[in-house]
Amino acid sequence: MERMQQVVGRARAAFSSGRCRSLEFRLQQLKNLERMVQEKEKEILAALQSDLHKSGHNAYSHEILGVLVELALVMEKLPSWAAPQPVKKNLLTMRDEAYIYPEPLGVVLVIGAWNYPFTLIVQPLIGAIAAGNAVVVKPSEVSEHTSQLIADILPQYLDQELYPVVTGGVPETTELLTQRFDHILYTGNTAVGKIVMAAAAKHLTPVTLELGGKSPCYIDKDCDLAVACRRITWGKYMNCGQTCIAPDYILCEPSIQSQVVENIKATLQEFYGEDVKKSPDYERIVNKRHFRRIVSLLEGQKIAHGGETDEASCFIAPTILTDVSAESKVMEEEIFGPVLPIVSVKGVNEAIEFINSREKPLALYVFSNDKKLIKRVISETSSGGMTANDVLMHSTVRDLPFGGVGNSGMGAYHGKHSFETFSHRRACLIKDLKMEGMNKLRYPPGSQKKLDWAKFFILKRFDKVRLGLIFLALLGVVAAVMIKVMFP
Amino acid sequence: MEELRGHQPLGGDAGTAPEDEGGTSGNPYAGLVSRLRAAWLSGRTRPLEYRLAQLEALGRFLEEKKQDILEALDLDMRKPPFEAEFSEVLLCKNELNTTLNNLSCWMKDEQVDKNLATQLDTAFIRRDPYGVVLIIAPCNYPIYLLLVPLIGAIAAGNCVVIRPSETTKNSKRLAVEVLPRYLDKDCIAVVTAGVQETTRLLENKFDYIFFTGSPSVGRIVMTAAAKHLTPVTLELGGKNPCYVSDTCDVQNVARRVAWGRFFNAGQTCIAPDYILCSVEMKDKLVPALREAITTFYGPNPQESPDFARIVGDKQFRRVRALLCSGRVAIGGQTDEKERYIAPTVLVDVQPSDPAMQEEIFGPILLIITVASVEEAIDFINSHERPLVVYVFSSDNKVVNQVLEKTSSGSFCSNDTLMQVTLTSLPFGGIGSSGLGKYHGRFTFDTFTHHRGCLQRGTGLEPINTLRYPPYGPHKTGLVRAATTVKRQGECALL
């Protein structure tokens, strides 16, 4: 498939032309992107409705709003992010300029996922453009309406050679991955994440992998159960459970299990009414394959609430499972659906042990009034990110890095972290050709005396005393004179 | 899903060499890795006091065993005592002291700006250790390139497996027999592994892999890491170009370039690999280089105590084979018994010559003539992106031009190698010269997972009502109005 080679080749030639490096160009493209989101809002909402039965409100607040916020932040901060960053110097480099200069990586690849098909393409794209790269965009074929829409509208607003959209399924993606990129950001599942990284390894391409896992949610006995369950219900059943950072399962003591169930039931009633199927605010499973996968997880489980399904419309009701065994199928893989298992633990110690005996998740949640307990859970576990006393919200704070660890991924983005992910931080030391006398210190023939002087100029001492810069500079001048005398 | 079962330590083994442990998988290192993972799960390596204690012990190793280190390096590659102490001990101590001075500050949670919705909450970035990490070191700076990553890995709170180079046998012996006496053996393990064994080592799951070496092996390491989704830092190499413009002080340039090229007999990943200059400059540079070499090493460098040797026989033969490129202007003598290659300058080198096909990694400096700085830039850009681009010029415009139009791990004008003495500069490659960066705080950040944390209260629940269904048109309208993002100083909710 030479098509991929041509698309990437054109993007590389466009990048090499240098036109996407100026700040003005980048800001112009970002402004165009903003215009696209505003002018094509109706079409975007319609595509999301077709792909996921996402209501206008949900589609706007979960996909479009985040993109607009990111755009505003990036356009405001880009000049300061892209500026060279001076660093602390030592005595020897006192007269020199030393700084870190952010530069574009080159041609980057962004592979999107189907669950938030618009924002998971556009958010990384914003960071990649801001960093001055050419970007090949590959939306997920599973969310076909959004994918086709992106392929249609992006070229109408952005430079077509620098930011091409590639559509297609597995064969096209496989072919794309044989090409050489300077960074790949992939959002999706662990299995494909490994394939992406292996393909990247052939070209020594750095990767950011936004994967998934089972995000645990520990509910402590000592917490406002009504509020906790409300928030958990919101995060779990949003997008019909198809959210990478949704609380996957609950851990709590058996004594509060039935209360938890009752609270969630009441909240579900409040959110979606008597007949969930009729609520315009409840989404559907993206396709039959995932529908069947999730339904099979219900086998042999105690359904405390929900469980109704309708294959024709890919509808699965908000479901709660109780007394779930840790070894059951529903506890093996990421659920990615509106099924919430509750696993009993005797307390926070067992909860921490349980969490640590499994792969590191993308998100971790803990509900408690006890600040010390929350501190413990954070310190004794590992996860991509976490929120205490709520769910999902850490992903809305732009300055927090959003990414996984271990099986849930590597690297991060959002806000400034996107810019840094897609930039190369080039260390620069700018010297002049004067003061050659000083260099005699380091030239052969070597001597102990020379070493002692070298130590004076370079070695950082382990002590608490910070000498003032001016004092150090004076010392340096004295030393320079002495060296000129000692090593003619 | 086969990894979901978790990491249970294998029964009973304690204190045996890796080769003796079969483990259930048959991998010779599985037992060791399991032991380290159990140590990691115990949480021992996490407190600040523990990390400081290990680092201070490392400092004592460098102090007390300095003579042994210098002797080992002398035996391994005739590394001159000045070079050895400067690059392997002094620079290492620099990194150590930077870390010791700043670790408690680096470990603190980093508070971040919040939006209006989270204004009353605490949002911070927590630096979590990864777990059990692997460091693979090369042969050219066998102590420095082993210990500097180790410093960061310990500082970050991890358990560490380090694999010193097999080629530098005396340095390896120090790392295997002496270093462990200073460190906590349960949490920091030194393994020996040649090529085959390293492949077996890489089959185990690590939580981070730090590799210094060649791009071809870097690919192998990253491919192995992909099977376990292990993040990596690869410090590789390439051909570092050195553009010398016509406006410069030739003597100073010659000294600085010669020093950078012939330090450690050229076996430095950031050494200038080839010079690009005009014909006129070449004619001035060659005699200036000759003078610099004589000043540094005397009329017969083979007799100078300040000039190193090639690290191994295989490497010697590889570098010697590059001498047939172009024409020898200075040096060119070799002595296989000593693995000695004289400080050499080759001119009239063609892009198709052997010396231009691979990183030289030896005491051979190429001079290639170009007609202009633009031609030099094109030449540089037609090759793989290197670790460093060097420029020598008194004209700032020229320096900036090369800086802007090329891409490399780092950039240094009017000197060579000195950028590594600054622990505040990130050190790493781009493209085939590597991925990731370290030194100073960057090493600590390399070995930590930056975890986004948000701590909320359960009060003020009514604020959240906006986000809950059911969504009528009025709620949607409210959300839009309240969160409409305006710029230029107007208020926004998010």
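The chains referred to below are lettered A, B, ... by the order of the sequence lines, with proteins before strands, and numbering in each begins at 1.
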Under 4.0 Å between a side-chain nitrogen and a carboxylate oxygen: does that hold for [X] and [Y]?
X	Y	answer
Asp128(B)	Lys360(A)	no
Glu359(A)	Lys205(B)	yes
Arg442(A)	Asp415(B)	yes

Between [X] and [Y], is any pair of side-chain heavy atoms under 4.5 Å apart?
X	Y	value
Asn439(A)	Arg255(B)	no
Ser379(A)	Arg126(B)	yes
Leu429(A)	Ser413(B)	no
Val112(B)	Lys416(A)	no
Leu400(A)	Cys453(B)	no
Asp390(A)	Leu454(B)	no

Count the heavy-atom pairs under 4.5 Å between each of [options] and chain B, then report the option with the highest count.
options	answer
Cys428(A), Gly273(A), Gly213(A)	Cys428(A)
Ser279(A), Pro401(A), Ser383(A)	Ser383(A)
Leu209(A), Ile100(A), Asp224(A)	Ile100(A)
Arg231(A), Met197(A), His203(A), Arg230(A)	Arg231(A)
Asn369(A), Val196(A), Thr381(A)	Thr381(A)

Check: Arg426(A)/Ser408(B) side-chain N/O donor and acceptor closer than 3.5 Å: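 Yes, because at least one side-chain N or O of Arg426(A) sits under 3.5 Å from a partner of the opposite role on Ser408(B).
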Residue pair Ser432(B) / Arg180(A), side-chain donor-acceptor N/O under 3.5 Å: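 There is no such pair between these side chains.
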Verdict with supporting geometry, Lys455(A) and Glu85(B), salt bridge (Lys or Arg N to Asp or Glu O under 4.0 Å): CA-CA 10 Å; Lys455(A) 280 189 206 157; Glu85(B) 190 161 346; 3.4 Å; yes
Part of Asn252(B) within contact of chain A (heavy atom distance under 4.5 Å):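 Both parts, heavy atoms under 4.5 Å.
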NZ/Lys405(B): more than 12 non-hydrogen atoms of other groups inside 6.0 Å: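 No.
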Between atom [atom1] of [X] and atom [atom2] of [Y], what is the distance when rounded to the nearest 0.5 Å?
X	Y	atom1	atom2	result
Asp399(A)	Gln111(B)	CG	CD	12.0 Å
Lys431(A)	Gln419(B)	NZ	CD	9.5 Å
Asn115(B)	Met393(A)	CG	CE	6.5 Å

Donor-acceptor contact below 3.5 Å, side chain Arg451(B) vs main chain Gly404(A):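 It does not hold such a pair.
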